[in-house]
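Everything quoted here is computed from the prediction, not taken from an experiment. Residue numbers count from 1 along this sequence.
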Amino acid sequence: VLGRWMMRFSPVVAAWPPDSLMIDVTGCASVFKGLDALLNQVAESFRKMKIHARLAIAPTPTAAWAIASFGMPGQIISTDSLIETLSTLPPAALRIDPAAAAMLKQLGVDTIAQLMALPREALPARFGSELLRQLDRALGRSAEPLVSLEYHTGMEAGIEFEAEIDS
């Protein structure tokens with residue numbers, strides 16, 4: 001229900017289980033007079049509904065989720081500052097398997113910057129292919145299509161009578 005309500009800000013709203021929504025705001029900035037204004041309207045809408053939400057706008061869905069969940073919510077990140085912003089976050093911000101995140105922490109890999117400094121070819125053997133897939137999605141190196149919720153128009157009902165009626 002909340003996802004469908006969020007379609008007032010963009011026609012592409014996707015559920016990200018277990019507790020997140022992604023809104024593709026590509027091309028929506030001019031409608032709302034800028035990304036700052038859009039972010040403020042979304043935040044205000046949640047406040048009015050008494051829903052605590054952590055919001056961020058970034059070039060990729062994984063990056064937006066990482067920043068909202070592990071960074072400073074309320075940020076608008078450009079493509080130019082994406083790597084710099086993500087580099088300070090923990091690898092768990094990439095939505096990777098918790099066991100892989102724990103293993104990275106045990107090995108002393110506390111940030112995405114440290115993860116990116118490791119040789120790529122060695123990572124899948126130890127942590128699985130999902131780690132690199134999520135890193136590439138966050139950095140915009142591979143596509144991450146959103147599966148939008150289906151749009152439903154409002155319901156209408158009507159009845160036709162054989163003759164004209166007054167009441």
Could you grab the distance from atom [atom1] of [X] to atom [atom2] of [Y], nearest 0.5 Å is fine?
X: L39; Y: F32; atom1: CG; atom2: CZ; result: 12.0 Å
X: T88; Y: M72; atom1: OG1; atom2: CE; result: 10.5 Å
X: S69; Y: R54; atom1: OG; atom2: CZ; result: 6.5 Å
X: F70; Y: L86; atom1: CZ; atom2: CG; result: 12.0 Å
X: M6; Y: R8; atom1: CE; atom2: CZ; result: 8.5 Å
X: I57; Y: I23; atom1: CD1; atom2: CD1; result: 9.0 Å

For this session: Inspect the surroundings of CZ in R4 and state if more than 12 heavy atoms from other residues, nucleotides or ligands are less than 6.0 Å away.
Result: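 Atom CZ in R4 is packed in, count exceeds 12.
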Problem set entry | E84, CD: over 12 other non-hydrogen atoms inside 6.0 angstrom |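 12 or below, so no.
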For this session: Evaluate the side chain to side chain donor-acceptor pair (under 3.5 Å) criterion for residues S78 and D80: first the C-alpha distance (whole Å), next the side-chain angles of each, then the deciding distance (0.1 Å), finally the verdict.
Result: CA-CA 5 Å; S78 68; D80 297 335; 4.7 Å; no
Exercise. Are L55 and L146 connected, step by step, through hydrophobic side chains (Ile, Leu, Val, Met, Phe, Trp, Tyr) whose heavy atoms are closer than 4.5 Å?
Worked result: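 Shared cluster, no.
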Problem set entry | ILVMFWY network linking I96 to L82, side-chain heavy atoms under 4.5 angstrom |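 Yes: a chain of side-chain contacts under 4.5 Å links I96 to L82.
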Heavy-atom side-chain contact between [X] and [Y] under 4.5 Å:
X: Q114; Y: L104; answer: no
X: L139; Y: T60; answer: no
X: L2; Y: M49; answer: yes

For [X] versus [Y], what's the shortest heavy-atom pair and its separation?
X: V13; Y: G3; answer: CG1-O, 3.5 Å
X: A15; Y: L21; answer: CA-CD2, 4.0 Å
X: A92; Y: W65; answer: O-CZ3, 4.2 Å
X: I67; Y: A58; answer: CD1-CB, 4.2 Å
X: S45; Y: F9; answer: OG-CZ, 3.5 Å
X: S148; Y: M7; answer: OG-CE, 4.3 Å

Quick check against the 3.5 Å criterion: does [X] have a side-chain atom that pairs as donor or acceptor with the backbone of [Y]?
X: Q134; Y: L94; answer: yes
X: S81; Y: I77; answer: no
X: R137; Y: A63; answer: no

For this session: Determine, for R120 against D136, whether the closest basic-nitrogen to carboxylate-oxygen distance falls under 4.0 angstrom.
Result: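 Yes.
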Exercise. For residues E144 and T62, is any side-chain donor paired with an opposing acceptor at under 3.5 Å?
Worked result: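 A pair is found: one side chain offers a donor N or O, the other an acceptor, under 3.5 Å apart.
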